[in-house]
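The block underneath contains the structure these notes are about, expressed in C-alpha coordinates.
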Amino acid sequence: MNEPVPVHPAPVPVLALGDILLVSLQGELHDGLAEQLQQDLSHRIATTGVSGVVIDISGVDIVDSFLGRVLAEIASTARLLAARTVLAGMRPAVAITLVELGLALPGLTTALDVDRAMEVLSQRGR
(Lines give C-alpha, C1' and ligand atoms only; values in the text may rest on other atoms or scores of the structure.)
Protein backbone atom coordinates (compact mmCIF):
# COMPACT_ATOMS: atom_id res chain seq x y z
CA MET A 1 0.00 0.00 0.00
CA ASN A 2 1.35 3.41 -0.94
CA GLU A 3 1.76 5.97 1.79
CA PRO A 4 0.66 9.51 0.89
CA VAL A 5 3.60 11.76 0.21
CA PRO A 6 3.48 14.96 2.25
CA VAL A 7 3.32 18.06 0.10
CA HIS A 8 5.73 20.81 1.14
CA PRO A 9 5.31 24.30 -0.24
CA ALA A 10 7.82 25.19 -2.91
CA PRO A 11 10.47 27.63 -1.77
CA VAL A 12 10.11 31.21 -2.92
CA PRO A 13 12.43 31.86 -5.88
CA VAL A 14 15.12 34.48 -5.32
CA LEU A 15 16.78 35.86 -8.45
CA ALA A 16 20.12 37.63 -8.44
CA LEU A 17 20.18 40.67 -10.75
CA GLY A 18 23.69 42.04 -10.45
CA ASP A 19 24.06 43.07 -6.82
CA ILE A 20 20.31 43.06 -6.16
CA LEU A 21 18.14 40.12 -5.11
CA LEU A 22 14.60 40.00 -6.53
CA VAL A 23 11.95 38.08 -4.63
CA SER A 24 8.54 37.71 -6.24
CA LEU A 25 5.79 36.62 -3.88
CA GLN A 26 2.75 35.01 -5.46
CA GLY A 27 -0.50 34.06 -3.78
CA GLU A 28 -0.74 33.28 -0.10
CA LEU A 29 2.53 32.96 1.78
CA HIS A 30 2.09 30.54 4.67
CA ASP A 31 3.86 31.26 7.96
CA GLY A 32 6.45 28.51 7.61
CA LEU A 33 7.32 29.58 4.09
CA ALA A 34 7.62 33.23 5.18
CA GLU A 35 10.03 32.25 7.95
CA GLN A 36 12.03 30.09 5.53
CA LEU A 37 12.23 33.03 3.10
CA GLN A 38 13.52 35.25 5.91
CA GLN A 39 16.28 32.77 6.76
CA ASP A 40 17.17 32.13 3.10
CA LEU A 41 17.40 35.84 2.30
CA SER A 42 19.55 36.57 5.35
CA HIS A 43 21.96 33.81 4.39
CA ARG A 44 22.03 34.87 0.74
CA ILE A 45 22.68 38.55 1.59
CA ALA A 46 25.50 37.60 3.96
CA THR A 47 27.18 35.20 1.55
CA THR A 48 26.86 37.27 -1.64
CA GLY A 49 27.25 40.80 -0.29
CA VAL A 50 24.41 42.21 -2.40
CA SER A 51 23.51 45.85 -1.87
CA GLY A 52 19.77 45.57 -2.22
CA VAL A 53 16.67 43.40 -2.07
CA VAL A 54 13.45 43.98 -4.00
CA ILE A 55 10.40 42.15 -2.69
CA ASP A 56 7.61 42.18 -5.27
CA ILE A 57 4.22 41.66 -3.61
CA SER A 58 2.07 42.52 -6.63
CA GLY A 59 0.88 38.89 -6.66
CA VAL A 60 -0.17 38.97 -2.99
CA ASP A 61 -3.81 39.68 -2.16
CA ILE A 62 -3.50 39.68 1.62
CA VAL A 63 -0.73 40.79 3.96
CA ASP A 64 -1.63 39.86 7.52
CA SER A 65 0.14 41.02 10.67
CA PHE A 66 2.51 38.02 10.63
CA LEU A 67 3.65 38.58 7.03
CA GLY A 68 3.94 42.33 7.69
CA ARG A 69 6.22 41.57 10.65
CA VAL A 70 8.31 39.13 8.59
CA LEU A 71 8.75 41.73 5.82
CA ALA A 72 9.86 44.33 8.39
CA GLU A 73 12.28 41.82 9.95
CA ILE A 74 13.72 40.97 6.51
CA ALA A 75 14.36 44.69 5.97
CA SER A 76 15.96 45.09 9.42
CA THR A 77 18.21 42.08 8.90
CA ALA A 78 19.17 43.24 5.41
CA ARG A 79 20.02 46.69 6.77
CA LEU A 80 22.30 45.13 9.41
CA LEU A 81 23.98 43.21 6.57
CA ALA A 82 24.48 46.47 4.59
CA ALA A 83 21.67 45.93 2.07
CA ARG A 84 18.60 48.06 1.40
CA THR A 85 15.12 46.61 0.94
CA VAL A 86 12.39 47.96 -1.33
CA LEU A 87 8.85 46.57 -1.27
CA ALA A 88 7.32 46.80 -4.74
CA GLY A 89 3.85 46.39 -6.20
CA MET A 90 1.70 46.86 -3.12
CA ARG A 91 -1.98 46.82 -4.02
CA PRO A 92 -4.18 49.58 -2.57
CA ALA A 93 -6.22 47.05 -0.57
CA VAL A 94 -3.03 45.70 1.00
CA ALA A 95 -1.88 49.22 1.94
CA ILE A 96 -5.27 49.94 3.50
CA THR A 97 -5.15 46.69 5.48
CA LEU A 98 -1.66 47.46 6.80
CA VAL A 99 -2.81 50.90 7.94
CA GLU A 100 -5.94 49.44 9.56
CA LEU A 101 -3.80 46.88 11.40
CA GLY A 102 -1.52 49.69 12.58
CA LEU A 103 1.51 48.02 10.98
CA ALA A 104 4.44 50.25 10.24
CA LEU A 105 7.08 48.66 8.06
CA PRO A 106 10.28 50.22 9.39
CA GLY A 107 13.28 49.97 7.12
CA LEU A 108 11.17 49.28 4.06
CA THR A 109 11.07 51.71 1.20
CA THR A 110 8.15 51.20 -1.17
CA ALA A 111 7.87 51.52 -4.94
CA LEU A 112 4.90 51.15 -7.26
CA ASP A 113 6.54 48.40 -9.32
CA VAL A 114 9.76 46.40 -9.73
CA ASP A 115 11.24 48.78 -12.31
CA ARG A 116 10.87 51.73 -9.95
CA ALA A 117 12.24 49.68 -7.06
CA MET A 118 15.35 48.89 -9.09
CA GLU A 119 15.71 52.62 -9.88
CA VAL A 120 15.44 53.49 -6.19
CA LEU A 121 18.22 51.05 -5.31
CA SER A 122 20.46 52.17 -8.19
CA GLN A 123 20.02 55.87 -7.28
CA ARG A 124 20.93 55.24 -3.65
CA GLY A 125 24.01 53.36 -4.69
CA ARG A 126 25.40 56.42 -6.46
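Position 1 is the first residue of the sequence, and the numbers go up from there. Treat the numbers as computed from the prediction; the structure is a model and nothing was measured.
- The side-chain hydrogen bond (donor to acceptor under 3.5 Å, both in side chains) pairs that include a residue from residues 41-55 are D19-S51, where partners are two or more places apart or lie in different chains.
- Here the side chains of V86 and T110 are not in contact, with every heavy-atom distance at 4.5 Å or above.
- The side chain to side chain contact (heavy atoms under 4.5 Å, CB included) check on D64 picks up F66, L67, with sequence neighbours excluded.
- Using a 4.5 Å heavy-atom threshold, the side chains of D113 and S58 count as separate.
- At a threshold of 4.5 Å between non-hydrogen side-chain atoms, the residues V53 and I20 do not count as touching.
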Applying side chain to side chain contact (heavy atoms under 4.5 Å, CB included), run through T109 and T85 and close with a yes or a no. CA-CA 7 Å; T109 301; T85 304; over 6 Å; no

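- Within the 4.5 Å cutoff, no side-chain heavy atoms of L112 are placed close to those of M90.
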Residues V14, L22; criterion side chain to side chain contact (heavy atoms under 4.5 Å, CB included); working and verdict: CA-CA 6 Å; V14 179; L22 173 61; over 6 Å; no

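- Under the side-chain hydrogen bond (donor to acceptor under 3.5 Å, both in side chains) criterion, E28 pairs with no residue, sequence neighbours left out.
- Considering only heavy atoms from C-beta on, L25 stays 4.5 Å or farther from D56 through its side chain.
- Side-chain contact between I62 and V94 is absent, with no heavy atoms from C-beta onward closer than 4.5 Å.
- Residues L87 and I57 form a side-chain contact, since some pair of their non-hydrogen atoms from C-beta on lies under 4.5 Å apart.
- Evaluation of the salt bridge (Lys or Arg N to Asp or Glu O under 4.0 Å) rule for D61 yields R91 as partners, not counting sequence neighbours.
- With sequence neighbours excluded, the residues satisfying side-chain hydrogen bond (donor to acceptor under 3.5 Å, both in side chains) with D40 are Q36.
- Residues L21 and I55 fail the side-chain proximity criterion, which asks for heavy atoms closer than 4.5 Å.
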Can I get a per-line list of side-chain donor-acceptor pairs under 3.5 Å for residues 72-81, giving both atom names and the distance, sequence neighbours left out?
residue, atom, partner, partner atom, Å
E73, OE1, Q38, NE2, 3.0
E73, OE1, R69, NH1, 3.4
E73, OE2, R69, NH1, 2.7
S76, OG, A72, O, 3.2
T77, OG1, E73, O, 2.9

Quick one: do V60 and L29 satisfy side chain to side chain contact (heavy atoms under 4.5 Å, CB included)? Show the steps, please. CA-CA 8 Å; V60 176; L29 194 65; over 6 Å; no

